[in-house]
Number of protein chains: 2
Amino acid sequence: MSRKITIKDVAKHAGVGIGTVSRVINGSNSVSPKMKKKIFESIEALGYTPNYVAQSLRTHKYKNIAFFADISNPIFAQIAKESQIELEQFGYTLSLCNIGEKDIANKISSFLEGRRFDGIILSIPKEDDEELNESLSNIDIPIVTINRDLPNLTAKVLTDYYSSVKEAIIYLLSLGHTNIALVGGNKEIRPTREGIRAYKDAYLIHNRVPNQALIKNGKFSSESGETIFMDLLPDIQKGYITAILSLNNQMFYGILRGMRKAKLQYPKDISIITFEDSELMQLLDPPLTVIHRPIKDIGKSIVKILIKSIEEPEQIEEIESVVIPTEFIIRDSCRPI
Amino acid sequence: MSRKITIKDVAKHAGVGIGTVSRVINGSNSVSPKMKKKIFESIEALGYTPNYVAQSLRTHKYKNIAFFADISNPIFAQIAKESQIELEQFGYTLSLCNIGEKDIANKISSFLEGRRFDGIILSIPKEDDEELNESLSNIDIPIVTINRDLPNLTAKVLTDYYSSVKEAIIYLLSLGHTNIALVGGNKEIRPTREGIRAYKDAYLIHNRVPNQALIKNGKFSSESGETIFMDLLPDIQKGYITAILSLNNQMFYGILRGMRKAKLQYPKDISIITFEDSELMQLLDPPLTVIHRPIKDIGKSIVKILIKSIEEPEQIEEIESVVIPTEFIIRDSCRPI
DNA sequence: CTGAAAGCGCTAACAC
DNA sequence: GTGTTAGCGCTTTCAG
């Protein structure tokens, strides 16, 4: 291929100085209309596009965002997708970095090392990883977290777990369930805490106090969900536990698998509700009662906050968390007692 | 934060020339061991990491790969994830760009414009988009395609649709099914073509010729799958069509939804097989007979080919397509006639 | 084997 | 308003 054409070529072609071309490209300072026109023509004629790498080196702006999460979780994949679509409007690029359970601080810093990003989108598996929080607070570019309360990180997009979990539990209590198991991930993350808080409050409203043993915590995986279900199984078979609310879709798969193995069916043998409304959730038979959250809105909010933090840092005071509403959708996976 | 420390700082700290530091960083040419040691110590002491942007500007190497696909499809999200994990080993970054159905050529070129990538991973919805193929062949960096036969693009990672579809159809024929519907996406992509070829060959082996009308093409969406199912419905209810093989997971969701609406159950009313073995596929009741492909291997192969094309372009002659084997897994969604 | 210097393509400060 | 120039941080000749 022929050599990439540069700003110099444009300047020569238009018979102007290189600086003037730069000004036109950046729309900065006033350039005389005739110059402007001439330069635009040359840009067009030569098919010039500025080299972002060179621009970045000069300006310390990279138009590039790093996305850290566990993409195995389809929800994060969707959020990544929506964020990318949104970022594109602003001319930004999204670079993926998958993180698992372990060695996250290292993974993040080695990913960031040497590379240049203007901002970060992040969701990590625990909030109380001190080493990680330490290294996170040393990062000097804006970070937007997803559903996490991290010390020093104020820009966050949260899902309103509280309202819908409360609504769901109240719904179950109204159906006559008294012992509802709550299955969630690590206690050290916001969704679990909020879920538990909502759970307790819902019981309170019904003038009851839930059995602490009904609150089960594990990891965001189907294996963990299945393990928890198996723990619960004796009490389910005894008829003590009659409903389960799962705060996480991946754990929910494990619960379903466990039910299958134990030859239990919903809603006959147990009522169930889960978070996240994927296409398949509706295909399960009977269709599932779920808590749904709008992924597209989450992506949009993330990007909005992030771009603002990057491009208008002076207004950073005003940047706080955004809470995305959820929706409780009743279908056919719960039955009255 | 304090100013980023640069190669100059290291040179000064070590009392050497800037070029020597560079040589040490790149492991290039021989530098005397004592120098090397001193410089490494300074790098360590100052916590220096080279600025990739500056390196890129100089070397025209960016350590960055662009990924174009429709991430709505969980399969592509998984492939993106696996590719990223693999690329990381080589120090490369993955930038996402979601593409939909329309205006793809523009999307790709505007994404690439000005930015610098060393390679591209790509899967597009049709193979016969001339404008797109034209613009693709003008790209002067290595491109690895996923399951597409594109003119001029020889580096590809393919899934062996043929063998498993053939196996699956033979399985159905052996169960006594004679009229098996084949549901796939656009005819202008390799998976569909290969699926159809396998389908016909399987019939041939049984000394039969399939009814062309049983081959249905649509788009990779559940809506399209449902529409096709509804087309098929009369013949299913008549008992003419007794089995369906879906080449695509998203279309399959639509088929399931259609079955639900029509109050049909598998395997009783119809036998079904689909591509892609997700966790939920096993949770459907009864569990589904599926064709499975190893996503991790696909990611690895993509990256292997891509890195080789980038870093050892002289061996490009040898770089051809890799075919990833598939596996036909029999569970309980088909019954004998 | 090593230091000095040119230059990747661009922006911004500086003159005119 | 506009051209010239320094320099972002790095690699790579070029001398020595």
Side-chain angles (χ1 to χ4, degrees), chain A residues 1-40 42-43 46-64 91 112-118 311, chain B residues 1-40 42-43 46-64 91 112-118 311:
Chain A
M1 200 186 94
S2 56
R3 195 181 53 78
K4 255 282 176 188
I5 85 118
T6 75
I7 199 170
K8 255 189 201 161
D9 302 317
V10 176
K12 193 183 297 173
H13 185 275
V16 302
I18 188 183
T20 311
V21 177
S22 174
R23 276 170 213 126
V24 169
I25 293 166
N26 296 289
S28 69
N29 284 340
S30 39
V31 178
S32 80
K34 41 200 74 172
M35 279 253 109
K36 221 177 232 174
K37 182 157 175 285
K38 201 160 47 167
I39 290 171
F40 273 129
S42 296
I43 288 176
L46 299 174
Y48 166 75
T49 63
N51 181 329
Y52 288 14
V53 176
Q55 286 184 328
S56 295
L57 184 59
R58 233 354 268 257
T59 60
H60 302 286
K61 294 191 177 97
Y62 309 97
K63 295 277 185 179
N64 196 193
L112 259 24
E113 193 165 282
R115 287 192 258 270
R116 299 296 186 267
F117 296 97
D118 309 288
E311 301 188 349
Chain B
M1 201 184 95
S2 56
R3 196 180 53 77
K4 255 282 174 188
I5 87 117
T6 76
I7 198 170
K8 256 189 199 161
D9 302 317
V10 176
K12 194 184 297 173
H13 186 275
V16 301
I18 186 184
T20 310
V21 177
S22 174
R23 277 168 211 126
V24 168
I25 293 166
N26 297 288
S28 68
N29 286 340
S30 38
V31 177
S32 78
K34 43 199 75 172
M35 278 253 111
K36 221 176 233 174
K37 181 156 175 287
K38 199 160 45 165
I39 290 171
F40 273 129
S42 296
I43 287 176
L46 299 174
Y48 167 75
T49 62
N51 180 329
Y52 288 14
V53 176
Q55 285 185 328
S56 295
L57 183 60
R58 240 344 278 255
T59 61
H60 301 285
K61 293 187 178 108
Y62 308 97
K63 294 279 186 177
N64 195 193
L112 258 25
E113 193 164 280
R115 286 192 257 270
R116 299 297 186 268
F117 296 96
D118 310 286
E311 301 188 348

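Here the structure is a predicted model, which is why all the values come from computation and not from measurement. A, B, ... follow the sequence lines: proteins, then strands. Residue 1 opens every chain.
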Which part of the nucleic acid, if any, lies within contact of [X], taking any heavy atom under 4.0 Å across all strands shown: a base, the sugar-phosphate backbone alone, or nothing?
{"X": "B/V53", "result": "nothing"}
{"X": "A/Y52", "result": "nothing"}
{"X": "B/S22", "result": "base"}

Among [options], the nucleotide that comes nearest once only the side chain of [X] is considered:
{"X": "B/V31", "options": "D/dG9, C/dT2, D/dT11", "answer": "C/dT2"}
{"X": "A/K8", "options": "C/dC8, D/dT11, C/dG9", "answer": "C/dC8"}
{"X": "B/L57", "options": "C/dT2, D/dT11, C/dG9", "answer": "C/dG9"}
{"X": "B/T59", "options": "D/dT12, C/dC10, C/dT2", "answer": "D/dT12"}

*Roughly how far, to the nearest 0.5 Å, is CD of B/Q55 from CG of B/N26?*
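Atom-to-atom, B/N26:CG and B/Q55:CD are 6.5 Å apart.
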*Measure the spacing between CD1 of B/I39 and NE2 of B/H13 and express it to the nearest 0.5 Å.*
12.0 Å
_Measuring only between side-chain heavy atoms, which start at C-beta, is B/V31 closer than 4.5 Å to B/T20?_
yes
*Kindly indicate whether the side chain of A/Y52, heavy atoms from C-beta on, has any atom under 4.5 Å from the side chain of A/N64.*
no
In whole angstrom, what separates [X]'s [atom1] from [N]'s [atom2]?
{"X": "B/I25", "N": "D/dC10", "atom1": "CD1", "atom2": "P", "result": "7 Å"}
{"X": "A/Y48", "N": "C/dG9", "atom1": "OH", "atom2": "P", "result": "10 Å"}
{"X": "A/N26", "N": "C/dG9", "atom1": "CG", "atom2": "P", "result": "17 Å"}
{"X": "A/I7", "N": "C/dC8", "atom1": "CD1", "atom2": "C1'", "result": "13 Å"}
{"X": "B/K63", "N": "D/dT11", "atom1": "NZ", "atom2": "P", "result": "12 Å"}
{"X": "B/I39", "N": "C/dC1", "atom1": "CD1", "atom2": "P", "result": "13 Å"}
{"X": "A/K38", "N": "D/dT2", "atom1": "NZ", "atom2": "C1'", "result": "11 Å"}
{"X": "A/I43", "N": "C/dC10", "atom1": "CD1", "atom2": "C1'", "result": "13 Å"}

*Answer yes or no: side-chain N or O of B/R23 and base N or O of D/dT13 forming a donor-acceptor pair under 3.5 Å.*
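When only heavy-atom distances are counted, B/R23 does reach the base of D/dT13 through a donor-acceptor pair under 3.5 Å.
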*asked:* Which is more 5' along DNA chain C, the nucleotide nearest A/P50 or the one nearest B/R58? Just name the residue.
replied: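 Upstream on the strand: B/R58.
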*Taking for each residue the nucleotide of DNA chain C with the nearest heavy atom, is it B/H60 or B/G19 whose nucleotide lies nearer the 5' end?*
B/G19
*For B/V21 and B/K8, run side chain to side chain contact (heavy atoms under 4.5 Å, CB included): C-alpha distance rounded to whole Å, both residues' side-chain angles, the deciding distance at 0.1 Å, then the answer.*
CA-CA 9 Å; B/V21 177; B/K8 256 189 199 161; over 6 Å; no
*Taking OP1 and OP2 of D/dG1, is either one under 4.0 Å from a side-chain nitrogen or oxygen of A/T20?*
no
*Short side-chain N/O contact to C/dG9 OP1/OP2 from A/Q55, under 4.0 Å*: no
